[in-house]
Amino acid sequence: MVQSGVGACVLPRLLLENLHNPDIKVVHLRNPTPSQDICLIYRSDRYVGYAMRTFIKTLRAYIETAIQHSKSS
């Protein structure tokens with residue numbers, strides 16, 4: 001909806017830093033700066049298959065890279 005020009009949304013900074021869309025204006029929220037925890041929930045009594053393990057590994061790597069990128073900018 002934002003890209004179509006009919007809406008606004010609040011998104012995590014890590015996502016916005018990888019958006020790269022010149023048509024979308026980003027307004028940083030400050031004083032106080034909001035924060036969030038990212039959680040992945042799955043059943044501990046079930047087998048975690050290859051696809052899920054790969055997803056978890058990829059998600060962790062992406063988040064770690066995004067955090068490092070934001071610290072260096």
Side-chain angles (χ1 to χ4, degrees):
M1 292 179 70
V2 173
Q3 189 168 359
S4 298
V6 294
C9 66
V10 177
L11 295 172
R13 181 173 42 105
L14 294 175
L15 178 63
L16 293 173
E17 288 175 351
N18 296 301
L19 189 60
H20 307 299
N21 187 331
D23 296 328
I24 295 177
K25 171 72 174 158
V26 175
V27 177
H28 296 279
L29 302 175
R30 302 185 198 281
N31 299 325
T33 301
S35 65
Q36 71 178 31
D37 292 329
I38 297 174
C39 302
L40 179 64
I41 301 170
Y42 58 91
R43 292 186 54 141
S44 62
D45 63 339
R46 301 287 178 147
Y47 172 74
V48 178
Y50 176 77
M52 179 60 116
R53 288 192 312 271
T54 302
F55 173 74
I56 292 169
K57 181 180 175 183
T58 303
L59 181 60
R60 281 183 175 161
Y62 174 80
I63 291 170
E64 289 170 7
T65 300
I67 289 170
Q68 291 303 320
H69 175 68
S70 69
K71 287 180 180 178
S72 66
S73 333

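Quick note: residue numbers are just sequence positions, from 1.
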Problem - For Tyr62, all residues meeting side-chain contact (heavy atoms from CB on, under 4.5 Å), sequence neighbours excluded - result: Asn18
Handout entry: Residues which pass salt bridge (charged side-chain N to carboxylate O under 4.0 Å, His left out) with Arg46, listed by chain and number, not counting sequence neighbours
Key = none
Completion exercise
Residue set satisfying side-chain contact (heavy atoms from CB on, under 4.5 Å) with Thr54, at least two apart, ordered chain then number -> Tyr50, Thr58
Problem - Residue pairs involving residues 53-68 (criterion salt bridge (Lys or Arg N to Asp or Glu O under 4.0 Å); sequence neighbours excluded) - result: none
Exercise for the section: Applying side-chain contact (heavy atoms from CB on, under 4.5 Å), name anything that partners Ile63, two or more places apart in sequence or on another chain. Expected result: Ile38, Leu59, Ile67
